[in-house]
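Notes follow the structure.
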2 protein chains.
Amino acid sequence: MHALGSAPIEFWFDFASGYAYFAAIEIEALAERHSRSVTWRPFTLGAAFKVTGAQGLSSTPLKKDYAELDWKRLARLKGIAFNLPKQHPRVGLPAIRAYYHVERNDPRAAATLAKQVIIGYFRDNLDTDDPNAIADLASRLGIDSDAILAGMADPEVKAIARQQGESAVARGVFGSPWIFVDGEPFWGSDRLPMVERWLTAGPW
Amino acid sequence: MHALGSAPIEFWFDFASGYAYFAAIEIEALAERHSRSVTWRPFTLGAAFKVTGAQGLSSTPLKKDYAELDWKRLARLKGIAFNLPKQHPRVGLPAIRAYYHVERNDPRAAATLAKQVIIGYFRDNLDTDDPNAIADLASRLGIDSDAILAGMADPEVKAIARQQGESAVARGVFGSPWIFVDGEPFWGSDRLPMVERWLTAGPW
């Protein structure tokens with residue numbers, strides 16, 4: 001029998017990725033079923049697009065229309081809300097920086113923040129480019145809003161956020177959501193069943 | 001209860017698409033389970049790339065490596081052969097033209113040819129850019145090889161093949177495989193379970 005690992009599942013995603021929204025809702029429960037934790041890793045897909053030459057789904061003719069149809073169809077199938085933000089896609093750097101700021105001292109609070117940010121973006125038109133909107137959300141989660149505002153503006157936090165994105169691309173990450181399990185890469189929310197198979201029985 | 005249609009399932013694909021290979025192996029059986037037929041629609045993704053600005057997976061940094069890993073992983077999971085051709089991706093215009101030539105008189109023979117061409121490409125290094133290689137394969141399937149060689153060179157057949165690709169893009173097709181069921185679009189081999197749900201219970 002294959003010896004299964006116990007390392008955290010790495011969950012890389014862009015806050016403006018519709019497929020990441022669906023995966024973000026399910027990833028913690030999936031990990032818990034296999035006694036794993038999740039390391040949330042928000043980054044901006046723009047870092048990968050510089051290497052691939054690709055554009056985001058919502059910035060590409062034809063793909064834009066299909067993605068919107070498919071996201072709404074997935075939401076109906078799963079019975080969850082989905083509202084494309086009025087301005088989409090947003091880069092969301094303040095949200096990414098807020099995550100890495102909080103993570104330095106409290107990874108669990110940061111994970112909760114990340115999940116609520118992407119849910120807010122795709123349900124309640126949360127402006128991930130507005131530091132005040134992010135601070136307000138954090139405050140409702142019990143995170144000090146003044147501290148998070150300072151964190152989002154901290155050059156050290158900005159550098160950490162940028163370096164995380166660069167490290168992802170260096171490891172071959174070009175899409176969102178992107179999952180590493182014991183080093184094995186899985187791209188897309190459609191791959192969650194395959195991730196679950198890997199966690200259950202190991203490599204094939 | 002939703003009144004389900006009986007129209008053929010449209011199966012659009014590029015002969016050099018790895019994900020289309022996996023779907024091509026399963027699509028006929030899927031359709032038969034729901035008393036549907038399959039209309040095979042080979043086209044070249046290049047026609048869509050002119051509109052989206054995208055490149056094929058195997059022509060894009062990072063995506064190229066992941067796609068190869070994912071195809072091999074899928075093949076192991078499904079227990080089927082998968083050998084990336086020595087020269088890949090090929091445009092495959094002779095194969096596309098051969099399909100539409102045969103289809104004019106014998107759609108069933110054309111469907112068999114299409115399936116065996118993509119299987120040949122991803123198992124036996126079939127050169128889809130070589131009219132003689134396509135004619136040899138057709139001959140083994142009982143199709144007259146002289147007639148198919150003439151068909152591939154026929155300006156009328158070339159025009160039909162080009163128009164089919166253009167009509168796909170005009171309907172929003174930008175990827176491979178691409179399935180229309182009663183007008184509903186589904187992109188990717190990962191969507192086959194969703195296609196099956198649609199065929200079983202209709203729209204949701």
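Throughout, a chain's letter reflects where its sequence line sits, starting with A, and its residues are numbered from 1.
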* To do: Identify which part of B/V169 has an atom lying under 4.5 Å from any heavy atom of chain A, answering side chain, backbone, both or neither.
  => both

* Heavy atoms only, distances under 4.5 angstrom: which of A/L74, A/V51, A/L77, A/L69 has the most pairs with chain B? Name it, please. => A/L77

* Structure fact -> Most heavy-atom pairs under 4.5 Å with chain B, out of A/G172, A/P61, A/P185, belong to A/P185

Between chain A and chain B: donor-acceptor pairs at under 3.5 Å:
unit_1	atom_1	unit_2	atom_2	d
A/Y66	OH	B/W187	N	2.8
A/D70	OD1	B/R191	NE	3.2
A/D70	OD2	B/R191	NH2	2.8
A/R73	O	B/W204	NE1	2.9
A/R73	NH1	B/E184	OE2	2.8
A/R73	NH1	B/P185	O	2.7
A/R73	NH2	B/P185	O	3.2
A/R76	NE	B/W204	O	2.9
A/R76	NH2	B/W204	O	3.4
A/E184	OE2	B/R73	NH1	2.9
A/P185	O	B/R73	NH1	2.7
A/P185	O	B/R73	NH2	3.2
A/W187	N	B/Y66	OH	2.8
A/D190	OD1	B/R191	NH1	2.9
A/D190	OD2	B/R191	NH1	3.4
A/R191	NE	B/D70	OD1	3.2
A/R191	NH1	B/D190	OD1	2.8
A/R191	NH1	B/D190	OD2	3.4
A/R191	NH2	B/D70	OD2	2.8
A/W204	O	B/R76	NE	2.9
A/W204	O	B/R76	NH2	3.4
A/W204	NE1	B/R73	O	2.9

